[in-house]
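Below is one structure; the comments refer to it alone.
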Amino acid sequence: MHPDTITPDLWKQVIAVSGTGRFLPHDKDARWGGTKAEKVLGGTPEAGAATLLDRGHRRTVRLHLYDDTDTDLDQAFDQAAKLAAEFGAERAVLVRLTSDAQPGRCCRIQLRTFAPGTETPADDGVIELAHLPAPVRTTWPIFAEELAGEGFAFLASQEQAGALDGPVLTVVADGRVIGAIGPMATRPDPAGRVRLLPQYFGVLPAYRGHGHGRTLWRAAMSWGHRSGAAYQLLQTELDGASDRLCCGEGLDTLGFVTTLDV
């Protein structure tokens, strides 16, 4: 969430729906339908909140720590492990939000603001998936399977089911889809401002290093600007390709999220 939307009232809304399976209107996960798989077990944003993610076949306890102090990680690990045992979870993790990067699986939180004078030119080389020529369109499932680890197999299944809430933008080379970003969609945040939702984003390994990712990203930002978005929040793996791209495009760093297995 945008820092300006984090209020005591928002926490009350989260608690009110916790465990009901319902989504808050501004929850980005609501785009995929179904029921909310995560509920709050206890705690507060100030002291740290624990949640249980129950996907049926596997349960995960996540202890969220929202502070920049010298957190006693041993104590936090113990707390998460006890909660996992209590709720029959197979996995427990710590999720830390800090202003500086921390050891572990660390992601940067980045903010892209859409304002007058920040327009990104659209690129003529980007084509919506639905508008691809038929022979190229048949390569989409192959692309999605090759990038299954980056979420594209799931995205392709949603597209096949007609469940996407916006277009997928693609780049083509050698007669096939070699990069994609999407779905492109917006949703109001808790303050009512329109935000561009996160997208799946990837380029086939053999075609990386030639500017295709930047072309796709700029096309996505152009789409967001035209669609009236006020901003987009992203999490990028620290020092990964997307992280370097977004930093190079001038996004603001808001903080870091580090995940540690218990």
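Atom set for the values below is all heavy atoms of this structure, side chains included, hydrogens, waters and symmetry mates excluded. Not measured: the values here are computed from a predicted model.
- When only modelled atom types and interatomic distance are considered, Thr236 and Gln110 share a side-chain donor-acceptor pair under 3.5 Å.
- Between Asp189 and Arg195 there is no salt bridge, since no side-chain nitrogen of the basic residue lies less than 4.0 Å from a carboxylate oxygen of the acidic one.
- Comment: Arg59 does not engage Glu86 in a salt bridge, judged by the lack of any side-chain N to carboxylate O separation of less than 4.0 angstrom.
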Practice task
Run the numbers on Phe114 and Tyr231 for ring pair (Phe, Tyr, Trp, His ring centres under 6.0 Å), then give the verdict.
Solution key: CA-CA 5 Å; Phe114 298 97; Tyr231 66 91; 8.5 Å; no
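- Residues Arg112 and Asp252 are not paired through a salt bridge, judged by the lack of any N-O separation under 4.0 Å between the basic side chain and the carboxylate.
- A donor and an acceptor atom, one from each side chain of Arg218 and Ser222, are nowhere located under 3.5 Å apart.
- Ion pair Arg214/Glu249 flagged as a salt bridge, since at least one NZ, NE, NH1 or NH2 atom sits closer than 4.0 Å to an Asp/Glu carboxylate oxygen.
- We find that Arg176 and Glu146 are joined by a salt bridge, their nearest charged nitrogen and carboxylate oxygen being less than 4.0 Å apart.
- Using cut-offs of 30° and 60° for the angle between ring planes, the Trp32 and Tyr200 rings count as tilted.
- Among Gln235, Arg108, Arg96, the one residue that satisfies the side-chain contact (heavy atoms from CB on, under 4.5 Å) test with Val257 is Gln235.
- Remark: the backbone N or O of Pro25 is paired with a side-chain donor or acceptor of Arg187 at under 3.5 angstrom.
- Among Thr253, Leu234, Leu97, the one residue that satisfies the side-chain contact (heavy atoms from CB on, under 4.5 Å) test with Ile109 is Leu97.
- Salt bridge annotation for Asp239-Arg244: absent, with no cationic side-chain nitrogen under 4.0 angstrom from a carboxylate oxygen.
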